[in-house]
Every structure is written in structure tokens, then in C-alpha cells.
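See structure below.
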Amino acid sequence: ADLHNVEAIQATLYAFAAIRSDGSVVTWGDPHNGGDSSQVQALLQGVHRIQATEKAFAALRRDGRVICWGDELRGGAGGSELQEVEAIQASAGAFAALLGAGACGSTVQCWGDPAAGGD
């Protein structure tokens with residue numbers, strides 16, 4: 001893994017993700033638990049925050065989009081349709097995204113394992 005110019009790092013139980021100064025992301029570790037981001041690598045640009053469940057990652061880009069990868073049952077398959085995301089948070093098996101304030105205020109969208117707070 002190219003671990004130069006790293007500004008932030010996050011971990012699942014079995015993998016790591018690092019944000020580099022140019023907003024790109026490097027991952028390593030168990031491929032089924034977020035260590036392999038090759039299927040979404042082209043989308044991992046302009047990233048400024050990453051959250052992690054036990055087995056998946058969610059990256060928040062500067063344009064407000066969320067990119068997820070890792071174990072699909074633990075949040076690795078969701079969030080990509082969201083726009084104007086201001087923040088993301090994780091439990092052991094789910095993610096929650098705070099969406100930009102509209103006429104009725106901010107809303108929260110969740111995905112991942114329902115037993116861990118997902119929808």
C-alpha cells in the first residue's frame with residue numbers, strides 16, 4: 001500500500017483505510033472486511049472523512065457523496081445514492097448519514113445491519 005502523505009486513518013476489525021493529502025484513499029487488510037476497495041477506487045477521490053463499522057467503510061467526499069465498500073451486511077452496500085451528506089457515523093454494523101438541511105431541517109438516513117441500527 002502507498003502510505004505516503006497520509007492525513008487520516010480508520011479501521012474495521014480486519015482492515016485499514018487511509019486518506020491521503022490529495023483526497024485519495026488507500027486500503028489494506030482482509031478484502032472481505034474493507035481491505036479491498038478496487039471496485040470503488042475510481043470514486044474514492046476528494047475524500048475528507050471515513051467511518052467504519054466492524055467490517056465495512058464509508059467515505060464522505062467533499063461534494064457530499066458517500067462511497068461504501070466491505071461487508072455488504074455491515075454497511076458496505078449502501079449510501080451511494082445519498083447527496084448533500086454533511087456527516088456520517090457508524091455503529092458496529094450500520095452507518096447513519098446526516099443529510100443537508102432542507103425546508104424541514106436535517107434528516108438522517110441509515111443502512112446496514114438492522115440489529116445494529118441500519119434500515
Side-chain angles (χ1 to χ4, degrees):
D2 182 8
L3 299 175
H4 300 286
N5 302 313
V6 171
E7 292 189 347
I9 193 166
Q10 187 60 268
T12 64
L13 288 177
Y14 305 101
F16 291 96
I19 304 172
R20 292 188 289 206
S21 58
D22 65 358
S24 63
V25 175
V26 177
T27 59
W28 67 100
D30 186 295
H32 303 291
N33 294 285
D36 178 7
S37 58
S38 60
Q39 291 193 351
V40 296
Q41 193 63 48
L43 301 173
L44 292 173
Q45 304 298 321
V47 173
H48 71 106
R49 298 270 189 280
I50 294 181
Q51 288 289 345
T53 64
E54 290 180 341
K55 298 183 176 187
F57 291 105
L60 179 57
R61 296 183 353 174
R62 286 183 175 81
D63 66 3
R65 287 192 58 202
V66 174
I67 309 301
C68 299
W69 69 98
D71 186 320
E72 293 183 5
L73 299 176
R74 295 290 196 271
S80 62
E81 73 285 352
L82 300 177
Q83 305 278 333
E84 299 180 25
V85 176
E86 295 180 355
I88 50 176
Q89 191 55 265
S91 70
F95 292 106
L98 179 65
L99 305 180
C104 299
S106 297
T107 60
V108 174
Q109 177 77 38
C110 301
W111 66 96
D113 183 355
D119 193 9

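- Contact detail for A90 and A52: the closest heavy-atom pair is CB-O, 3.2 Å.
- With hydrophobic clusters built from ILVMFWY side chains whose heavy atoms lie under 4.5 angstrom apart, I50 shares a cluster with L43.
- I67 is connected to I19 through a chain of hydrophobic side-chain contacts under 4.5 Å among Ile, Leu, Val, Met, Phe, Trp and Tyr, so both are in one cluster.
- Under the 4.5 Å side-chain heavy-atom criterion for grouping Ile, Leu, Val, Met, Phe, Trp and Tyr, I9 is connected to L3 within one hydrophobic cluster.
- The nearest pair of heavy atoms linking T12 to K55 is CG2-C, 3.9 Å.
- Linking Ile, Leu, Val, Met, Phe, Trp and Tyr residues whenever their side-chain heavy atoms come within less than 4.5 Å leaves W28 and F57 in two separate clusters.
- Identified under the ring pair (Phe, Tyr, Trp, His ring centres under 6.0 Å) test for residues 75-94, with sequence neighbours left out: none.
- Listed by first and then second residue, the salt bridge (Lys or Arg N to Asp or Glu O under 4.0 Å) pairs involving residues 108-119 are R74-D113 (not counting sequence neighbours).
- Atom CG in L98 sits 11.0 Å away from atom CD1 in I88 (nearest 0.5 Å).
- Connectivity analysis of hydrophobic side chains (ILVMFWY, heavy atoms under 4.5 Å, direct or indirect) links Y14 to L13.
- Between L44 and A59, the closest heavy-atom pair is CD2-CB, 3.8 Å.
- Among residue pairs with one or both ends in residues 30-49, none qualify as salt bridge (Lys or Arg N to Asp or Glu O under 4.0 Å); sequence neighbours excluded.
- Within the 3.5 Å criterion, the main-chain N or O of A116 finds a donor-acceptor partner in the side chain of S91.
- Among residues at least two apart or in separate chains, side-chain hydrogen bond (donor to acceptor under 3.5 Å, both in side chains) pairs with a member in residues 62-71 are R61-D63.
- Between A15 and G35, the closest heavy-atom pair is CB-N, 3.4 Å.
- Heavy-atom minimum distance, A94 versus G118: CB-N, 3.3 Å.
- When the side chains of ILVMFWY residues are joined at heavy-atom separations under 4.5 Å, either directly or via intervening members, F95 and L82 end up in a single hydrophobic cluster.
- S37 is linked by a side-chain hydrogen bond (donor to acceptor under 3.5 Å, both in side chains) to T27, Q41, counting only residues two or more places apart in sequence or in another chain.
- Evaluation of the salt bridge (Lys or Arg N to Asp or Glu O under 4.0 Å) test over residues 5-24, restricted to residues two or more places apart or in two chains, returns D2-R20.
- The minimum heavy-atom distance linking W111 with G75 is given by the pair NE1-O, 3.1 Å.
- Residue pairs meeting the salt bridge (Lys or Arg N to Asp or Glu O under 4.0 Å) criterion with at least one partner in residues 76-86, sequence neighbours excluded, are absent.
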